[in-house]
Amino acid sequence: MSISVVVSRSSDGDSRKTAVENELAKLCSFAGMDVVITPHLYHVSEVSDVWNALSALQGESVFVCWLHPRPAELLLNLHGIGSKVLDLGTFSTAVDCRAAISDSIFTSGNGPTTGGKITEIDEPISQRWYPVLDTSRCTNCGHCLQFCLFDVYGCGADGGLTVM
C-alpha cells in the first residue's frame with residue numbers, strides 16, 4: 001500500500017515549528033511512508049503546480065498542516081484532492097502526530113515495511129488572505145454581511161451570498 005504524508009510548512013518561519021516538521025518527516029519516512037513537504041497550503045497560489053503534484057499522489061494520504069482541518073479540507077477539495085487532514089498545532093510532539101497518522105491510515109494493522117522517501121516542494125509564496133464560503137453550512141442568513149467590517153461578502157445576482 002502506498003502511503004503519503006504531506007507536511008505543510010508553517011508560514012511564520014518559527015524555528016521550533018520547522019524542527020517539528022522536519023522531525024515528523026523523518027519519523028514518517030522511517031515508518032515507511034513517503035513524505036512531501038510543501039509551503040503552507042493556505043498561501044499556495046490557486047494556479048501553482050503544487051496542487052498538481054499533490055493531486056498526483058498515489059494511494060492513501062494524510063495532510064498535516066498548521067491550519068484547522070476544515071479550511072484545509074476546503075482548499076484540498078477545491079483542487080479535487082480528498083484526504084485526511086490533521087492540525088499539527090494540536091499535537092504536543094512530532095511522535096504524537098506520527099502515531100495519529102498511523103492510527104488514521106493503518107486500520108488493518110498492516111503498515112509499510114520499507115523506508116519512505118522525503119521530497120520537498122520549495123516554491124516561493126506570498127502571504128494572502130481569502131475568505132471561503134462553506135456552502136454546506138451557510139444558510140444565507142446575512143449575518144456575515146452585517147458583521148464584516150471590510151465588505152468582503154456581498155449578494156450575488158441570484159440573491160445568494162458571494163465573496164466580493
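The structure displayed is predicted, hence computed values, not measured ones.
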Check your understanding: Is Glu120 paired with Arg9 through a side-chain N to carboxylate O contact shorter than 4.0 Å?
Key -> yes
**Study point:** Side-chain touch Lys84/Val5, heavy atoms, less than 4.5 angstrom
**Key:** no
**Study point:** Sidechain-backbone polar pair: Glu21 side chain, Ser10 backbone, donor-acceptor under 3.5 Å
**Key:** yes
Review point. Quick one: are Leu86 and Phe91 in side-chain contact, heavy atoms under 4.5 Å?
Key: yes
Point to revise | Any donor-acceptor N/O pair, His79 side chain to Ile81 backbone, under 3.5 Å | key: no
Check your understanding: Which pair of non-hydrogen atoms, one from Cys144 and one from Leu161, has the smallest distance, and what is that distance?
Key -> SG-CD1, 3.6 Å
**Study point:** hydrophobic_cluster_shared for Val152 and Leu145, side chain cutoff 4.5 Å
**Key:** yes
**Study point:** Aromatic plane relationship, His43 with His40 - under 30° parallel, 30 to 60° tilted, over 60° perpendicular
**Key:** tilted
Check your understanding: In this structure, which one of Val7, Leu41, Asp87 forms a side chain to side chain contact (heavy atoms under 4.5 Å, CB included) with Cys65?
Key -> Leu41
Check your understanding: Are the side chain of Ser4 and the backbone of Val35 linked by a donor-acceptor contact shorter than 3.5 Å?
Key -> no
Practice item. Heavy atoms only: give me the nearest Ala72-Val85 pair and the separation to one decimal. Key: CB-CG1, 3.6 Å
Review point. Can you tell me how far OG of Ser61 sits from CG of Leu76, rounded to the nearest 0.5 angstrom?
Key: 8.5 Å
Check your understanding: Is the closest side-chain heavy-atom distance between Ile101 and Cys28 below 4.5 Å?
Key -> yes
Check your understanding: If you look at every heavy atom in Val64 and Cys97, which pair is closest and at what distance?
Key -> CG1-SG, 3.8 Å
Point to revise | Nearest atoms (heavy-atom pairs only) where Arg98 meets Leu24 | key: N-CD1, 3.8 Å
Point to revise | Pairwise distance CG(Leu74) to OH(Tyr42) - rounded to 0.5 angstrom | key: 11.5 Å
Practice item. Consider only side-chain heavy atoms of I, L, V, M, F, W and Y, link residues closer than 4.5 Å, and tell whether Leu27 and Ile118 are in one cluster. Key: no
Review point. Atom CD1 of Ile37 and atom OG of Ser8: how far apart are they, to the nearest 0.5 Å?
Key: 10.5 Å
Practice item. Would you give the length of the straight line joining atom OG1 of Thr38 to atom CG of Asp122, rounded to the nearest 0.5 angstrom? Key: 10.5 Å
Review point. Considering all heavy atoms of both residues, which atom of Phe63 and which atom of Ser83 are nearest to each other, and what is their separation?
Key: CD1-OG, 3.2 Å
Exercise for review: Could you tell me which non-hydrogen atom of His68 sits nearest to which non-hydrogen atom of Pro71, and how far apart they are?
Suggested key: O-CD, 3.1 Å
Review point. Out of curiosity, Lys17 NZ to Leu88 CG, how far, rounded to the nearest 0.5 Å?
Key: 9.0 Å
